[in-house]
Amino acid sequence: MTAAAHDLMTVASLTVDYRQQGQWHSVIRDLSLAVRRGEILGLAGESGCGKSTLASVLLGERRGERRLRAGSVQFDGIDLSTLRARELRRLRGVRLALVPQNGGASLTPTLRIGSLFAETLRAHRPHMNKAELAAEARRQLSQVGLPDPTGALARFPHQFSGGQQQRIALALALCRMPDLLILDEPTTGQDAMTRRGIIDLLIRLRLSSRMSMLYVSHDLATLSEICDRIAIMHAGEIVEIGQMEDVLLRPRHPYTRALVASIPRLEAPPDPALLPASRRTPERITA
Ligand SMILES: Nc1ncnc2c1ncn2[C@@H]1O[C@H](COP(=O)(O)OP(=O)(O)OP(=O)(O)O)[C@@H](O)[C@H]1O
Ligand SMILES: [Mg+2]
């Protein structure tokens with residue numbers, strides 16, 4: 001198989017600028033990257049290094065304050081810059097999906113959750129009647145661990161917490177069964193149990209559907225649980241990319257080394273002097 005055949009999304013020598021006060025500043029510089037078919041690729045890097053910008057560009061989103069100064073983004077051999085707005089919308093509706101970092105903001109505020117699902121599902125399951133659409137929406141919502149999925153369908157987005165809105169956005173993206181799902185910090189703001197549930201769900205989906213995923217996070221510990229490969233981004237560039245274990249065990253770039261060193265290691269016993277008094281082992285008092 002050639003490299004082109006097993007790559008679903010290819011970014012070549014991409015440079016992206018934002019305009020601020022009339023000046024263009026580059027945020028992504030000469031970046032090349034490929035997401036392979038059926039893999040979960042992690043993208044890690046510090047806050048502000050350009051992860052969400054890259055996620056948005058990969059989705060073909062166009063904004064007045066942003067320009068692609070150089071390079072190209074290809075999805076399954078299609079150069080996104082050559083597509084008209086309508087063609088891009090169709091691609092995004094069916095084959096390409098993003099759960100944005102602020103997932104709640106992507107939910108239309110005036111529509112109840114049931115209508116949001118009906119709208120999305122109707123395009124993908126045109127044969128389903130109303131009851132079947134509601135049943136499928138409930139199934140998707142319980143998959144992401146939302147309590148009371150039936151009640152949830154009648155509520156508006158603002159009646160959920162930020163973490164719950166994020167999970168609703170994830171469920172909506174999943175019901176499209178895209179070929180490539182881009183997840184921007186999908187578990188940030190979720191409690192540990194919910195985070196575990198989402199990670200297990202994504203791993204199951206990857207195994208059962210061969211859906212490709214780009215999982216964006218600054219949390220290397222989470223990425224190490226789910227990703228096949230990982231790309232490390234620093235100041236708008238990819239400084240290292242490789243198999244997850246290789247990068248964790250043998251980080252080559254100094255920034256990657258610092259990132260790996262910062263993963264909390266649960267097996268190391270905490271320094272008792274640093275624990276709050278309430279968690280220190282009480283000293284044994286012997287008579
Ligand atoms: N609309 C915009 N106009 C101007 N600059 C922007 C705009 N959006 C983002 N930037 C700048 O681009 C850089 C990258 O931002 P981006 O949101 O892609 O970072 P990130 O890696 O996703 O960070 P985080 O981990 O905090 O989500 C930042 O310096 C940011 O200030
Ligand atoms: Mg971001």
Side-chain angles (χ1 to χ4, degrees), residues 52 55-56 58-63 75 80 83-191 193-195 197-202 204-206 208-209 211-216:
S52 296
S56 162
L58 292 191
L59 208 76
E61 286 177 346
R62 292 164 187 170
R63 303 206 181 137
F75 176 74
L80 295 188
L83 296 183
R84 293 161 198 263
R86 191 152 46 93
E87 294 166 325
L88 257 177
R89 263 200 307 278
R90 199 178 319 134
L91 191 69
R92 285 204 287 260
V94 182
R95 301 194 60 198
L96 196 52
L98 168 72
V99 181
Q101 187 161 9
N102 183 2
S106 69
L107 307 173
T108 312
T110 49
L111 288 183
R112 292 178 200 275
I113 305 303
S115 307
L116 285 172
F117 272 94
E119 209 175 55
T120 306
L121 282 167
R122 225 171 258 135
H124 297 266
R125 323 265 212 288
H127 55 279
M128 279 188 177
N129 63 32
K130 229 174 147 189
E132 287 168 333
L133 288 175
E136 178 61 11
R138 282 196 298 273
R139 193 182 70 78
Q140 295 287 352
L141 287 173
S142 53
Q143 272 207 122
V144 295
L146 202 80
D148 182 22
T150 304
L153 295 181
R155 291 158 68 188
F156 289 97
H158 73 268
Q159 294 172 309
F160 293 89
S161 74
Q164 289 171 336
Q165 290 177 9
Q166 182 82 345
R167 279 183 276 154
I168 295 168
L170 173 61
L172 275 166
L174 289 178
C175 70
R176 297 190 200 141
M177 291 300 281
D179 296 334
L180 175 62
L181 177 63
I182 303 175
L183 302 136
D184 195 352
E185 303 276 5
T187 55
T188 305
Q190 308 292 350
D191 61 74
M193 289 271 287
T194 308
R195 194 183 67 87
I198 291 175
I199 288 172
D200 290 346
L201 168 67
L202 295 176
R204 277 201 310 278
L205 270 172
R206 196 292 233 85
S208 61
S209 69
M211 189 188 288
S212 306
M213 299 182 203
L214 178 68
Y215 193 111
V216 177

| query | Less than 4.5 Å apart, any side-chain heavy atom of Leu181 and any of Tyr215? | reply | no
| Closest heavy-atom contact between Ile182 and Leu59? | CD1-CD1, 4.4 Å
| note | Tightest non-hydrogen contact, residues Ala131 and Asn129, listed as N-OD1, 3.1 Å
| For residues 90-104, which residue pairs qualify under side-chain hydrogen bond (donor to acceptor under 3.5 Å, both in side chains), counting only residues two or more places apart or in two chains? | Ser52-Gln101, Asp76-Arg95, Arg95-Asp179
| Shortest non-hydrogen separation from Pro126 to Ala123 and the atoms involved | CD-O, 4.3 Å
| remark: Rounded to the nearest 0.5 angstrom, the CG-CG distance for Leu91 and Leu80 is 6.5 Å
| request: Taking all heavy atoms of Leu96 and all of Arg176, pick out the closest pair and write down the distance. | output: O-NH1, 4.3 Å
| query | Taking all atoms of both residues into account, what is the closest heavy-atom pair of Leu153 and Arg112, and its distance? | reply | O-CB, 3.7 Å
| task | Taking all non-hydrogen atoms of both residues into account, name the closest pair between Asp184 and Ala55 and its distance. | result | OD2-CB, 4.4 Å
| Say you draw a straight line from CZ of Phe75 to CG of Leu83; how long is it, rounded to the nearest 0.5 Å? | 10.5 Å
| request: Not counting sequence neighbours, which residues clear side-chain hydrogen bond (donor to acceptor under 3.5 Å, both in side chains) with Glu87? List them please. | output: none
| field | Pairs meeting criterion side-chain hydrogen bond (donor to acceptor under 3.5 Å, both in side chains) with involvement of residues 131-141, two or more places apart | value | Arg125-Glu136, Glu136-Arg139, Glu136-Gln140, Gln140-Gln143
| field | Side-chain donor or acceptor of Thr108 paired with backbone N/O of Thr110 under 3.5 Å | value | no
| request: Quick one: list whatever passes side-chain hydrogen bond (donor to acceptor under 3.5 Å, both in side chains) with Arg63, sequence neighbours left out. | output: Glu61
| said: Less than 4.5 Å apart, side chain to side chain, heavy atoms only: is that true for Ser209 and Met177? | reply: yes
| request: Using a 4.5 Å cut-off on heavy atoms from C-beta on, say whether the side chain of Phe156 contacts that of Ile113. | output: no
Expected list for residues 163-175: side-chain donor-acceptor pairs under 3.5 angstrom, two or more places apart:
{"unit_1": "Gln164", "atom_1": "OE1", "unit_2": "Ser161", "atom_2": "N", "d": "3.0"}
{"unit_1": "Gln165", "atom_1": "NE2", "unit_2": "Pro157", "atom_2": "O", "d": "2.9"}
{"unit_1": "Gln165", "atom_1": "NE2", "unit_2": "Phe160", "atom_2": "O", "d": "3.1"}
{"unit_1": "Gln166", "atom_1": "OE1", "unit_2": "Gly103", "atom_2": "N", "d": "2.7"}
{"unit_1": "Gln166", "atom_1": "NE2", "unit_2": "Glu185", "atom_2": "O", "d": "3.3"}
{"unit_1": "Arg167", "atom_1": "NE", "unit_2": "Gln190", "atom_2": "OE1", "d": "3.1"}
{"unit_1": "Arg167", "atom_1": "NH1", "unit_2": "Val144", "atom_2": "O", "d": "3.4"}
{"unit_1": "Arg167", "atom_1": "NH1", "unit_2": "Gly145", "atom_2": "O", "d": "2.8"}

| query | Can you find a heavy atom in the side chain of Val216 that is under 4.5 Å from one in the side chain of Leu183? | reply | no
| request: List in chain and number order the residues that pass salt bridge (Lys or Arg N to Asp or Glu O under 4.0 Å) with Asp200, two or more places apart in sequence or in another chain; answer none if no residue qualifies. | output: Arg196
| task | Rounded to the nearest 0.5 Å, what's the gap from CD1 on Ile198 to CE on Met193? Could you check? | result | 12.0 Å
